[in-house]
Structure formats: C-alpha cells, structure tokens
Amino acid sequence: MGRKPSRAADPALSPDPVAQREIRRAQIDMSFDNQSLLVPLFGQFDANLVQVENRLGVFISARGDTLHIEGPEDSVARARDVLQALYDRLAMGQDLDSGAIESIIAMTNEPTFDGIVDADQNAPPIMIRTRRKTIVPRSKAQAHYMRQLARDDVIFALGPAGTGKTYVAVAQAVSQLITGSVQRLILSRPAVEAGERLGFLPGDMKDKVDPYLRPLYDALYDCMPPEQVERRIESGEIEIAPIAFMRGRTLADAFVILDEAQNTTKEQMKMFLTRFGQNSRMVVCGDPRQIDIPGGDRMSGLADAVGRLEGVEGIAVARFTAADVVRHPIVGRIVDAYEGTGA
C-alpha cells in the first residue's frame, strides 16, 4: 500500500512542535493466521485500514499477511487492539462495516474493552444469536444492556436514536422465541393522538397503523427470514400492535417491547406496565429528549415511570448517550450538536 499518512499523524499540522517532539513514537508488526480473512479485514481498496488510520492518527502498511503500524505510541497500541478485534469478529463469522469499525474504535477508550471483546471464559458470552445473525455489543453501554436483557424482568432503555435500544431488544426477543423460553413476541408503540390522522390513510386498521410500526418490522426482518416472520405473525406468535390494543390483557409467557415510549401518557404507561404476566420480560424503549406529545416531560409516561420505578427489584434502567450511537458516525455528531452541552 502506498497511502500517505493520515492528517492526524502529520507533524506539519501540529501547532506545537515542542509538544510534538515529546510524543513517543512506536512501530509494530501484526500477522494473521487465516489469510482468507485479510480481504474483508482490509476492506475494498483498504478502506477499513484507512478508517483506522484516519481515526487514530497512525500509518498502516500491508505486506502479505503482515501489517506494519507506525505512529504515536498510544495510538499504535489502540490500532493494534482495534485490528485484532476486527479480525476476531470476522473469525466468528460476523460482518464488518464502517459502523462496526467505528464502534470498536470507540470501545478502545473504555477501560473494560478487553472484557467486552474477549469475554471472561467463566462468564456467559455477551452476544445474542438469531436465525440470521449474531449480535455482539458495539459499546460498553450495549454490553451492559445485553446483560440486563438476559437477567431482569422489566428494562427501561433510554437514549438517543441510533444507539440500538430497540434493535437489540428485538434481537433478544427473537432469540428467546426461537429457543422456546417465551411463547409470544409482542411489539408495540404509540401511533398518533388524533384518530382523524389515521383515517386519512388508505386501507383497514392494520394498513393504517403499520407505517407507525415499520421500524419494528425492519428489526424483525433483520433477525429472522421474512417467511418465518410472516408465518409467526399469522399464527399469533408475533404480534405488532399500537399500545391502545394492550388494554385489558395479561401478557404471560411473552417478550414484550414498547418502542417510542416517551410519547405515551402516564395513564398509557401504567396500563402497559400492569399487563405484565408470568414468565414474561418487558422492555420499554424511548428517547426522553424527543417527546412529541403536548406537555412534554410533564406529561410523558416514560419520564414518570422511570422516576417512580428506578431502583425497584427486578427493574433495570439502561442509559445511552451520543457516544453509544452505532449508526453512521455522523449520527453521533448530529446528536451531540443538538443535545450536547452547548445546545
């Protein structure tokens, strides 16, 4: 590879030559046993290596099955950990994309990075297996969330868009449905407040509410083959419905997910939480800073429920920030711009 060093590694761009000279520089070589994984590891036109270079301020060159890394000592160490984690991910049969690489880079700043990527052999693995893929945590917060999903009865997942709150919950629900630990998967979210808005949409009630539930369908189709999703919906094993349809029911032997919970009223949230039945798990996902109902925080059932229930036995709260966004890296920067300290 004949790429030039990334900007962050270019000493000419440093405003302080004295400080630049004080930075200890290092170089290391890495080799990989399975050469068939090198093409996806490097990426098309070495795009993955370029991403690591640009983010960490190092220079990476490849010769055969060996990578040579040069740059500031700390950055070289981080680049080595990132590349090893990417290789291990491929070795487990998982795909790589720019979002996964960005998340692994971010996790090298966490003190528990080794524990996340190389789980303690005596502890349960931090992963969720579904028919179509295996989901592993992309941030420290996601690792903590996955543990809560496997342990607690009711979980509140709070944070901005793109942090995987709903997606990971759906994956856990699909995993438990497949293994038979629950008999039903129930997905719900608020639709809209005024019935006339639904009335303007064509079709029957299902056609009218489906657009509001589409993100839940998307997550399901990503975890199960489409024909299985349709078959289980027809048989009633998977139910996707607005929160209003939950009234008067007892949801036993079920994994129940409420999405966009910040747009429920206090009365709706109380109604939903009290549907909880035997051998069930309930996940309530929402972004407390994206409340669309009139009255804002004061009327939100999510804020009210978390305030009342946090600390109650069997109930867990997972909180995500912009640093945990696992979509395109620019999404995290957008969230920061809107919700950061200067917002």
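Nothing here was measured: the structure is a model prediction, and the numbers come from that model. We use all heavy atoms of the structure for the numbers below, so side chains are in, but hydrogens, waters and symmetry mates are not.
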Could you tell me which non-hydrogen atom of Val154 sits nearest to which non-hydrogen atom of Leu273, and how far apart they are? CG1-CD2, 4.4 Å
For Thr166 and Asp259, does a side-chain donor sit closer than 3.5 Å to a side-chain acceptor? yes
N/O donor-acceptor pair under 3.5 Å between Gln84 side chain and Asp81 backbone: no
Considering only heavy atoms from C-beta outward, does the side chain of Arg189 approach that of Glu260 to under 4.5 Å? yes
As a quick check of understanding, evaluate side chain to side chain contact (heavy atoms under 4.5 Å, CB included) for Phe156 and Leu309, giving each step before the final call. CA-CA 10 Å; Phe156 289 92; Leu309 300 175; 4.0 Å; yes
Option from Glu239, Gln278, Arg275 for which side-chain contact (heavy atoms from CB on, under 4.5 Å) with Leu251 holds: Arg275
Step by step, would you call Asp297 with Ile291 a side chain to side chain contact (heavy atoms under 4.5 Å, CB included)? CA-CA 7 Å; Asp297 288 353; Ile291 298 172; 2.9 Å; yes
Have His144 and Gln142 got a donor and an acceptor in their side chains that come within less than 3.5 Å? no
Is Glu73 paired with Arg25 through a side-chain N to carboxylate O contact shorter than 4.0 Å? no
Could you walk me through whether Leu177 and Gln183 pass the side chain to side chain contact (heavy atoms under 4.5 Å, CB included) check? CA-CA 6 Å; Leu177 183 65; Gln183 302 304 311; 5.9 Å; no
Which heavy atom of Leu96 sits nearest to which heavy atom of Pro40, and what is that distance? CD1-O, 3.9 Å
Checking the side chain of Thr163 only, and the main-chain atoms of Phe320 only, is there a donor and an acceptor separated by less than 3.5 Å? no
Does Lys165 use its side chain to pair, donor to acceptor, with the backbone of Arg319 at less than 3.5 Å? no
Side-chain donor/acceptor of Ser31 to backbone N/O of Thr66, under 3.5 Å: no
Look at the side chain of Thr130 and the backbone N and O of Ala171, then say whether any donor-acceptor pair between them is shorter than 3.5 Å. no
I'd like to know if the side chain of Arg89 reaches the main chain of Asp95, judged simply by a donor and an acceptor atom lying under 3.5 Å from each other, with no hydrogens or angles considered. yes
Apply side chain to side chain contact (heavy atoms under 4.5 Å, CB included) to the pair Phe42 and Asn48, showing each step before the final yes or no. CA-CA 5 Å; Phe42 295 176; Asn48 297 345; 5.9 Å; no
With heavy-atom distances below 4.5 Å as the criterion, would you say the side chains of Tyr217 and Ile233 are in contact? yes
Donor-acceptor pair, side chain of Asn263 and main chain of Asp292, under 3.5 angstrom: yes
Any side-chain heavy atom of Val174 within less than 4.5 Å of one from Ile128? no
If you measure from OG on Ser188 to CZ on Phe272, what distance do you get to the nearest 0.5 Å? 6.0 Å
Under a 4.5 Å cut-off applied to non-hydrogen side-chain atoms, are Phe276 and Asp153 in contact? yes
For the pair Ser280 (side chain) and Ala254 (backbone), establish whether a donor and an acceptor sit closer than 3.5 Å, ignoring hydrogens and angles. yes
When rounded to the nearest 0.5 angstrom, what is the spacing between OG1 in Thr274 and CZ in Arg247? 9.0 Å
Can you give me the closest heavy-atom contact between Pro288 and Gly159, atom names plus distance? CD-N, 4.0 Å
Which heavy atom in Val283 sits nearest to a heavy atom in Tyr145, and how many Å separate them? CG1-OH, 3.5 Å
Would you say the side chain of Met30 lies within less than 4.5 Å of the side chain of Ile69, judging by non-hydrogen atoms? yes
Looking only at heavy atoms, what is the nearest atom pair of Cys285 and Ile257, with distance? SG-CG2, 4.4 Å
Considering the options Arg232, Arg184, Gln228, which one meets the side-chain hydrogen bond (donor to acceptor under 3.5 Å, both in side chains) requirement together with Glu237? Arg232
Can a side-chain donor-acceptor contact be found between Gln172 and Tyr167 if the only test is distance below 3.5 angstrom? no
Flag, side chain of Glu70 to backbone of Ala26, donor-acceptor distance under 3.5 Å: no
Ser36 OG to Asp65 CG distance, which is reported to the nearest 0.5 Å: 12.0 Å
CD on Gln148 to CZ on Arg281, rounded to 0.5 Å: 11.0 Å
Between CD on residue Gln290 and CG on residue Leu302, distance to nearest 0.5 Å: 12.5 Å
Does CE in Met299 sit with more than 12 non-hydrogen atoms of other residues, nucleotides or ligands closer than 6.0 Å? no
Using a 3.5 Å distance criterion without hydrogens, assess whether the side chain of Thr265 forms a donor-acceptor pair with backbone atoms of Gly301. no
Kindly compute the distance separating CG (Leu90) from CG (Leu38), expressed to the nearest 0.5 Å. 9.5 Å
Quick check on the hydrophobic clustering: are Val312 and Val284 connected, directly or via other members, by side-chain heavy-atom contacts under 4.5 Å? yes
Heavy-atom pair of closest approach, residues Val58 and Val76: CG1-N, 3.9 Å
Validation row: Val168, Met146 side chains within 4.5 angstrom (heavy atoms): yes
Within a 6.0 Å radius of atom CD on Gln44, are there more than 12 heavy atoms belonging to other residues, nucleotides or ligands? no
Asp304/Arg308 under salt bridge (Lys or Arg N to Asp or Glu O under 4.0 Å): CA gap, chis, key distance, verdict: CA-CA 6 Å; Asp304 179 68; Arg308 293 174 183 271; 2.9 Å; yes
Could you check if a side-chain atom of Gln27 sits within less than 4.5 angstrom of a side-chain atom of His68, using non-hydrogen atoms only? yes
Going by heavy atoms in the side chains, are Val256 and Leu185 under 4.5 Å from each other? no
